[in-house]
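Numbering starts at 1 and runs along the sequence shown.
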Amino acid sequence: MILFPLFIGGRGDFFAWKVKKVITVLLVLGTIGLYSFSTLTIKAYQMSAGQGHLSISFLNFIYAGSVFLSFIAAKGFQLHYTDITLMLAIVFGVGLIVYNSIKVKAASCGPMSILSMSYVIGGVTIPSLYGLIFLKEPIILHKILGILLIFLSFVPLLLKSRKQMVFKPKFLIFCFLLLVLNGTLMTMSKIAQLNSDSKYSMDYVTLYFFFAFLSAGFLLAKNLHLPDQQELQKTMTLRNFAYAIASGLLNGIGSVLNYMLSFRIPASVQFPLTQSSMLVVVTVMSLILYQEKPDKATVLSLLISIASIVLILSLIHI
């Protein structure tokens, strides 16, 4: 008589565990997919509008505004926040616009392999160290090997670009800033998660996109004061407007999923997994969309990255 309820309860617990694990995997896939396609849409925008100051300001303004206006309407014009999440949202929103602006500028004065390495290493290292040191997350061999493989995946690309290893100081400064900014922003999202509830994920994202919107508006107004007419005509098109909205909404929804994911897996697993996976997806999709023939260095880099992803995925236990 006692065994039957226990058996039912056991099956119920197992089913709940499976559902929880499926949700976590879906959040991982959704985060990676949405962030990756947001990046690809930004690339399409840059190819259409160029990389001038006005085009960057216009992208950031529409990008952030589309997310804030859509999300605040979806929330019924009411947001839940605490003093800590409000402060983090202000810094995150302004930092996001600075990060996006530097990233576009850096792409025009140095090799993409070095640029990608900078922000990925920052996005992997800083939040992982925060998780391992301050949150006392377990140090596991698979985890360390996975992170080391992410770093190793850049070696073939660096060797391929060794003839281009003489950089302007400005490019090196940009790379350092991107490393620190991306890592800091990722860490801030983890800190915000620790000080809120998962049901307020969209609230936090909406809040920091509001401050990103204000920052982008200030920069756009500054660049529109004495605009270059040729750049103005090239930038202010319906196509570029659509690219900016699409990129913003993809990133915004991806940010909500990523924030929800923070409640389910450790920082030292989440950020290495999402950052390395995004790089693989964007690289592969760029090769397909632009019909580029991958060289040996790119293929080797992708294989090492995939190996790191497999190792880190094995750590997702619920």
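Taking the six-membered ring where tryptophan is involved, the planes of Y200 and H80 are essentially parallel, since the angle between them stays under 30° and well short of 60°. In this pair, Y45 and F58 present their aromatic rings parallel. The plane angle is below 30°, not in the 30 to 60° band.
The one candidate from L273, L149, I304 that meets the side-chain contact (heavy atoms from CB on, under 4.5 Å) condition with I309 is L273.
For the pair K190 and Y130, the cation does not sit on the ring face, since its NZ or CZ is not both under 6.0 Å from the ring centre and inside 45° of the axis.
Distance alone, capped at 3.5 Å, is enough to place a donor-acceptor pair between the S215 side chain and the F211 backbone. In terms of modelled atom types and a separation under 3.5 Å, the side chain of S55 and the main chain of G50 share a donor-acceptor contact. No donor-acceptor distance shorter than 3.5 angstrom exists from the side chain of T85 to the backbone of Y81, with no hydrogens or angles considered. T206 contributes no side-chain N or O that, together with a main-chain N or O of F68, makes up a donor-acceptor pair within less than 3.5 Å. Formation of a donor-acceptor pair under 3.5 Å by the D203 side chain with backbone atoms of L79 is not found in this model. K143 places no side-chain N or O within 3.5 Å of a backbone atom of V269 that could act as its donor or acceptor partner. Formation of a donor-acceptor pair under 3.5 Å by the S314 side chain with backbone atoms of L311 is found in this model. At least one donor-acceptor pair under 3.5 Å links the side chain of E137 to the backbone N or O of A267. T125 places no side-chain N or O within 3.5 Å of a backbone atom of G122 that could act as its donor or acceptor partner. Within the 3.5 Å criterion, the main-chain N or O of A244 finds no donor-acceptor partner in the side chain of S247.
Contact check for F271 versus I126: no side-chain heavy atoms found under the 4.5 Å cut-off. In this structure, the side chains of I245 and F241 come closer than 4.5 Å at one or more pairs of heavy atoms. Side-chain atoms of I23 and R264, non-hydrogen and from C-beta on, do get closer than 4.5 Å to each other. Taking 4.5 Å as the limit, some side-chain heavy atom of I253 sits within range of a side-chain heavy atom of F71. Counting heavy atoms from C-beta on, the side chains of Y119 and I102 never come closer than 4.5 Å. S308 has its side chain out of reach of I147: every pair of non-hydrogen atoms, C-beta onward, lies at least 4.5 Å apart. By the 4.5 Å heavy-atom criterion applied to side chains, N195 and M87 are not counted as neighbours. Contact annotation: the side chain of Y35 approaches that of S255 to within less than 4.5 Å [non-hydrogen atoms, C-beta and beyond].
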Before you tell me yes or no, could you show the steps for L135 and L194 under side-chain contact (heavy atoms from CB on, under 4.5 Å), namely the whole-Å CA-CA distance, both residues' side-chain angles and the distance that decides it to 0.1 Å? CA-CA 10 Å; L135 302 182; L194 294 170; 3.6 Å; yes
Show your reasoning for whether side-chain contact (heavy atoms from CB on, under 4.5 Å) applies to I312 and I150. CA-CA 10 Å; I312 297 169; I150 293 172; 4.0 Å; yes
Decide yes or no on side-chain contact (heavy atoms from CB on, under 4.5 Å) for N223 and E231, but give the supporting numbers first. CA-CA 11 Å; N223 285 310; E231 186 182 6; over 6 Å; no
Hey, mind stepping through S276 and V124 against side-chain contact (heavy atoms from CB on, under 4.5 Å) and telling me if it holds? CA-CA 8 Å; S276 58; V124 168; 5.8 Å; no
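One finds the CD1 atom of I140 at 7.5 Å from the OG atom of S268 (value rounded to the nearest 0.5 Å). Between atom OG of residue S189 and atom CD of residue Q270 there is a gap of 6.5 Å, rounded to the nearest 0.5 Å. Interatomic distance, Q229 CD to L54 CG, rounded to the nearest 0.5 Å: 10.0 Å. Between the CG atom of L152 and the CG atom of L145 there is a distance of 11.0 Å, given to the nearest 0.5 Å. Atom CD1 of I32 sits about 9.5 Å away from atom CG of N258, to the nearest 0.5 Å.
Summarising the geometry of G217 relative to F61, their closest heavy-atom pair is CA-CD1, 3.4 Å, with the distance given to 0.1 Å. Taking all atoms of both residues into account, the shortest heavy-atom contact from S198 to M260 is O-CG, 4.5 Å.
Few gaps surround CZ on F263; more than 12 heavy atoms of other groups in view lie less than 6.0 Å from it. Other residues, nucleotides and ligands place more than 12 heavy atoms under 6.0 Å from the CG atom of L29. The environment of K75 atom NZ is dense: over 12 non-hydrogen atoms of other residues, nucleotides or ligands sit within 6.0 angstrom. More than 12 heavy atoms of other residues, nucleotides or ligands shown are found within 6.0 angstrom of CZ on F154.
Note on I56 and I173: separate hydrophobic clusters, where clusters join Ile, Leu, Val, Met, Phe, Trp and Tyr whose side-chain heavy atoms are under 4.5 Å apart, directly or indirectly. A continuous path of Ile, Leu, Val, Met, Phe, Trp and Tyr side chains, each step under 4.5 Å between heavy atoms, connects M117 with L178, placing both in one hydrophobic cluster.
Among residues two or more places apart in sequence or in another chain, the side-chain hydrogen bond (donor to acceptor under 3.5 Å, both in side chains) test is passed with Y204 by none.
With 3.5 Å as the limit, one finds a donor-acceptor pair spanning the side chains of K43 and S286.
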